[in-house]
Amino acid sequence: MLYSVRMRAAQGAPHEQGGRHISGAERLVCRQEVAGLTQTMLERAFFHSRGEADFINITVEAIAPETIQTVPILPVTEMEAPDYEAGRGAAQIVLAAVGVNPAAAAEGFAQLLALPDSMRGAMLICAQTGKRLDTSGMRGVRVSRMDVDNEAVYTEWLAKQGFSGIHIREALVLASKVAAAHGIVAELCWSDDPEYTAGYVASSCTYFRFAHLKPQGCTQGGRLFFVRPGSDIEALQEYLTRQPVLVVVPEVVKQ
Ligand code: AMP
């Protein structure tokens with residue numbers, strides 16, 4: 001049996017009472033791992049670079065095995081861009097190349113940059129018009145109930161490509177779940193951790209990683225999910241927020 005373990009931490013008040021989002025995490029683990037994981041999540045919330053949380057919610061919930069879907073992990077392509085301005089320009093070109101109307105990409109960027117602070121979740125944006133499609137306000141749509149099917153294989157797979165660290169590890173799992181959703185054209189993300197400037201554009205078949213999509217020290221992060229016009233938004237939100245997904249990573253072939 002696997003358990004969905006979810007953490008959300010805020011400062012000033014709980015999220016639902018207007019508290020400032022500090023940190024969140026989503027995992028699917030077996031029972032023996034739950035205690036250690038909740039400890040790690042607590043420490044992450046207390047010692048986060050966005051500030052110390054004074055509200056922390058950790059939920060542990062059993063997942064029926066027959067409800068779990070599997071999806072493939074997205075392959076990673078590293079993009080060359082020397083700074084965040086060049087990175088954002090290149091990210092808009094990639095978004096257009098994978099099917100987002102350039103005006104919608106620009107409108108999505110504008111909405112993300114206009115946020116007063118980081119949201120807890122993502123905005124659903126029409127890939128044709130750039131209009132926001134969800135009604136979740138500053139909460140956003142939070143993707144949940146996902147993990148990799150084999151942690152050790154994943155670590156080796158990432159290391160073989162020169163990647164380590166929690167950011168890419170978590171982002172690639174989330175992006176792989178999102179990319180497999182009906183109606184998703186592309187995703188844009190950069191972190192809200194002030195020291196982490198990297199971000200990505202994900203299409204249905206590639207995770208394009210940029211070393212810089214925001215300036216160093218910036219606490220403003222965000223995620224945009226560009227949605228095909230005419231998609232069933234309710235079904236999409238149900239998949240993103242509730243469908244348990246394990247991301248399958250190919251075994252690294254030993255030489
Ligand atoms: P992070 O990459 O964790 O620093 O998150 C960057 C931004 O992405 C956050 O400020 C949120 O707006 C959004 N985000 C983080 N986690 C999720 C999630 N599980 N689902 C949807 N959006 C998220």
Side-chain angles (χ1 to χ4, degrees), residues 21 71 74-81 83-144 146 171-192 197-215 218-241 243 245:
H21 178 65
V71 306
L74 290 173
V76 182
T77 295
E78 289 228 66
M79 306 299 284
E80 294 289 328
D83 54 41
Y84 81 92
E85 281 146 329
R88 286 180 184 176
Q92 293 204 36
I93 292 170
V94 174
L95 284 168
V98 302
V100 178
N101 179 354
E107 175 63 22
F109 262 85
Q111 292 190 59
L112 205 157
L113 292 168
L115 287 173
D117 198 356
S118 291
M119 294 165 56
R120 189 167 123 213
M123 293 191 237
L124 300 186
I125 301 287
C126 174
Q128 185 56 39
T129 64
K131 273 190 21 200
R132 186 157 178 196
L133 300 173
D134 66 285
T135 53
S136 56
M138 279 302 285
R139 180 180 190 277
V141 176
R142 189 145 175 107
V143 186
S144 187
M146 68 282 184
L172 199 43
V173 172
L174 186 152
S176 299
K177 175 175 177 182
V178 172
H182 291 296
I184 292 286
V185 177
E187 177 186 352
L188 169 72
C189 167
W190 62 81
S191 175
D192 53 24
T197 63
Y200 63 88
V201 170
S203 70
S204 61
C205 47
T206 305
Y207 180 103
F208 299 94
R209 181 179 188 272
F210 297 85
H212 310 285
L213 278 187
K214 69 166 197 185
C218 172
T219 56
Q220 180 76 31
R223 273 190 162 86
L224 303 178
F225 300 154
F226 289 96
V227 178
R228 196 165 294 119
S231 299
D232 181 340
I233 300 300
E234 218 170 289
L236 176 60
Q237 294 203 48
E238 174 71 17
Y239 167 85
L240 294 172
T241 58
Q243 173 62 49
V245 165

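Everything quoted here is computed from the prediction, not taken from an experiment.
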Test Glu187 against Tyr207 for side-chain hydrogen bond (donor to acceptor under 3.5 Å, both in side chains), laying out the working first. CA-CA 9 Å; Glu187 177 186 352; Tyr207 180 103; over 6 Å; no

In sequence, state the C-alpha distance, the side-chain angles, and the governing distance for Val201 and Met79, and then conclude on side-chain contact (heavy atoms from CB on, under 4.5 Å). CA-CA 10 Å; Val201 170; Met79 306 299 284; over 6 Å; no

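- Atoms CG and CZ, from Leu188 and Phe208 in turn, are 13.0 Å apart once rounded to the nearest 0.5 Å.
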Evaluation steps, side-chain contact (heavy atoms from CB on, under 4.5 Å), between Leu95 and Phe109: CA-CA 11 Å; Leu95 284 168; Phe109 262 85; 4.0 Å; yes

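- Considering all non-hydrogen atoms of both residues, Ser231 and Gly183 come closest at OG-CA, 3.4 Å.
- Rounding to the nearest 0.5 Å gives a distance of 9.0 Å between CG of Asp192 and CZ of Arg223.
- Remark: the backbone N or O of Cys205 is paired with a side-chain donor or acceptor of Ser203 at under 3.5 angstrom.
- Counting heavy atoms from C-beta outward, Gln111 and Leu224 have side chains that stay 4.5 Å or more apart.
- Between the side chain of Ser118 and the backbone N or O of Thr219 there is at least one donor-acceptor pair closer than 3.5 Å.
- Side-chain N or O atoms of Glu107 include none that pairs as donor or acceptor with a backbone N or O of Ile125 at under 3.5 Å.
- Checked by atom type and distance alone, the side chain of Arg209 never pairs as donor or acceptor with a backbone atom of Tyr200 at under 3.5 Å.
- Counting only distance, with no hydrogens or angles, the side chain of Lys177 and the backbone of Leu240 share a donor-acceptor pair below 3.5 Å.
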Would His182 and Asp232 count as a side-chain contact (heavy atoms from CB on, under 4.5 Å) here? Give the steps. CA-CA 9 Å; His182 291 296; Asp232 181 340; over 6 Å; no

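- Contact of the Val245 side chain with the Tyr239 side chain is registered, since non-hydrogen atoms from C-beta on lie closer than 4.5 Å.
- Atom-to-atom distance recorded for Leu124:CG and Asp134:CG is 4.5 Å, nearest 0.5 angstrom.
- Looking only at side-chain heavy atoms (C-beta outward), Leu174 and Met146 come within less than 4.5 Å of each other.
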Which is it for Met138 and Arg120 under the side-chain contact (heavy atoms from CB on, under 4.5 Å) test, yes or no, and what are the steps along the way? CA-CA 7 Å; Met138 279 302 285; Arg120 189 167 123 213; over 6 Å; no

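- Looking at Asn101, its side chain does come within 3.5 Å of a backbone N or O of Gln128 through a donor-acceptor pair.
- Going from atom CZ of Arg88 over to atom NZ of Lys214 covers 9.5 Å, rounded to the nearest 0.5 Å.
- Contact of the Trp190 side chain with the Leu112 side chain is registered, since non-hydrogen atoms from C-beta on lie closer than 4.5 Å.
- Between the Thr197 side chain and the Ala211 main chain, a donor and an acceptor come within less than 3.5 Å of each other.
- Note that CD of Gln220 and CE of Met119 are 10.0 Å apart. Values are rounded to the nearest 0.5 Å.
- In this structure a side-chain-to-backbone donor-acceptor pair under 3.5 Å is missing from Ser136 to Arg139.
- For the pair Arg132 (side chain) and Gly137 (backbone), a donor-acceptor distance under 3.5 Å is present.
- For the atom pair CG of Asp83 and CZ of Phe210, the computed distance is 12.5 Å after rounding to the nearest 0.5 Å.
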